[in-house]
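Index from 1, following the sequence.
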Amino acid sequence: MTTVMAASCSFVCCGEEKKADKAVVVRFSNGSVQNEDKLDFSMFKNTEESNPRKKTRRILVAESDRLSYVGQNFGVGSMKCNNLCKYYVGVLNKQTMTMEVHEAQLFNMQPVIPGETTDSAKPQDTTQTYREKVDLLIEAFGTNKQKRALSSRRLNQVGSETLQQAVAKAANTVIGEKGLEALQQEVADAESQGDLALHLPPCNANADKREDVYPFDELLSPVEFGALEQGGAKMAALTPEELKKMKDDGRCLSIVKHLENLPTESENRDKTARCAFYLSLLLKLARERNVTRKFGQEEGCPRIIQGKLFKTFTVETFNNGRIQNMVSSSMRVKLAAYCLALLLHMGNMTADLTLLHRDLGITEARMTEVAKSMRLTLVKPARGKGDNIELQDDSRLAALVLPLIKYDHFTERRKRKKMH
């Protein structure tokens, strides 16, 4: 009796492979193929290679004399197992007894019967809708119940057309009385007011205390507030020279104002310093256009705060084959509203709108519109004496007073300049 020893083989690395270099493993849905040598395979890829979601899409076509098969790695007919695990194919070289291992992907090949597809077959009468075609079938082959329902629906349709004519007549009457431009202005005002309300912080208009109208926990959760401990300590440790330099730069004037007058009590002092650090991140974000993942690293921004800023105040856009975070104009309005709400908690429910709109880089009119949307009371400080008279005259304050004031929305039309 002789013993046959199996030949040993070794694995070798086949080098770095790209996703486009994956081996192809096919499975035919209608059974095994008898003569696979007679199949002619062709691979097609998506032309949008800059799109990260489409550049890996492939379509595999197998053609024979009798039938054609089509498989794809995306869409409904694709195999979900490609996303759940990785497949590898080993190629054995019998001469050197080495096996190269390649990454593979599976394709489910389905037969394509000529004349079965309905996409290319267009109806002869393209003017008829789907409902009209169904109605014609009911008239020809429907039951008595279906025919009665069809007759009733057509009668209701006639009544609906009569109602639409009456509504159109009434609308023309209103347009004739008020004028088309006045109605368009009312619609635009309502839409702008509604869009602005979507970007305001959560508001409890029926609160008994001023601090509960715009709850602090809705601006910063306890976990997020705890993560600002180190940043708040840096703000509290700033020297008068550093504060003067920030003031001379013309940015973060709202923060400098509060840091120059920090409370003496330790708890309130720590809360104001942490809010000042978070406010500095909001102001910096408002001056950005495209934001990268390195945002806030120089200032020591915690990861949880960075995630909150990206999720709350940026929108994702697709540019040059990459997904980027951008601060849109609507997000700047949202930043202004949240900064104003945070300043209310820092300043005993009073905030300086003039300093804030300068820090944010928006117009004073836009800042005033945000304050009115938050139902704040606008206060013009009394004329002062001394060296600060000019600054006091230019400042405009917003205070939260109960009950909340409600403004009549009005937008002033700007006159067009005449071209000379």
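A 6.0 Å sphere centred on NZ of Lys247 holds no more than 12 heavy atoms belonging to other residues, nucleotides or ligands. For Arg303, the CZ atom sits in a loose shell: 12 or fewer heavy atoms of surrounding residues, nucleotides or ligands are nearer than 6.0 Å. No more than 12 heavy atoms of other residues, nucleotides or ligands lie within 6.0 Å of CD in Glu298, so this atom counts as exposed by the packing criterion. The number of heavy-atom neighbours closer than 6.0 Å to CZ of Arg287, taken from other residues, nucleotides and ligands shown, is above 12. Under a cut-off of 6.0 angstrom, the local environment of CD in Glu267 is sparse, with at most 12 non-hydrogen atoms contributed by other residues, nucleotides or ligands. Counting heavy atoms of neighbouring residues, nucleotides and ligands inside a 6.0 Å radius, atom CG of Asn206 does not exceed 12 of them.
Nearest heavy atom pair, residue Val315 against residue Met331, reads CG1-CG, 4.1 Å. In this structure, Ala337 and Leu200 approach most closely via the heavy-atom pair CB-CD2, 3.8 Å. The heavy-atom pair separating Ala104 from Val89 by the smallest distance is CB-CG2, 3.6 Å. Considering all non-hydrogen atoms of both residues, Ala207 and Val213 come closest at CB-N, 4.0 Å. The nearest pair of heavy atoms linking Ala236 to Leu262 is CA-CD1, 4.2 Å. Closest approach of Leu285 to Val327, counting heavy atoms only: O-CG2, 3.7 Å.
A distance-only check finds no donor-acceptor pair linking the side chain of His357 to the backbone of Thr368 [under 3.5 Å]. With hydrogens and angles disregarded, no donor-acceptor distance shorter than 3.5 Å links the side chain of Ser152 to the backbone of Arg148. In terms of modelled atom types and a separation under 3.5 Å, the side chain of Lys334 and the main chain of Thr312 share a donor-acceptor contact. In this structure a side-chain-to-backbone donor-acceptor pair under 3.5 Å is missing from Ser64 to Leu39. When atom types are taken as modelled, the side chain of Gln306 and the backbone of Arg293 share a donor-acceptor pair closer than 3.5 angstrom. In terms of modelled atom types and a separation under 3.5 Å, the side chain of Ser29 and the main chain of Met109 share a donor-acceptor contact. Side chain of Asn268 to main chain of Thr264: no donor-acceptor pair is present (N/O by atom type, distance under 3.5 Å, no hydrogens or angles). Not a single donor-acceptor pair under 3.5 Å links the side chain of Glu218 to the backbone N or O of Pro215. Checked by atom type and distance alone, the side chain of Arg375 never pairs as donor or acceptor with a backbone atom of Lys406 at under 3.5 Å. A donor-acceptor contact shorter than 3.5 Å links the side chain of Asp359 to the backbone of Ser254.
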- Message: For a salt bridge (charged side-chain N to carboxylate O under 4.0 Å, His left out) check, start with the C-alpha distance between Glu369 and Arg366, then their side-chain angles and the critical distance, and finish with the verdict.
- Response: CA-CA 5 Å; Glu369 186 179 355; Arg366 190 60 169 168; 3.0 Å; yes
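How far CD of Glu242 is from NZ of Lys234: 12.0 Å, rounded to the nearest 0.5 Å.
Contacts classified as ring-ring contact (aromatic ring centres under 6.0 Å, His included) and involving residues 266-305 (residues at least two apart or in different chains) are not found.
Cation-pi geometry between Arg58 and Phe107 is not met at under 6.0 angstrom from the ring centre and within 45 degrees of the axis.
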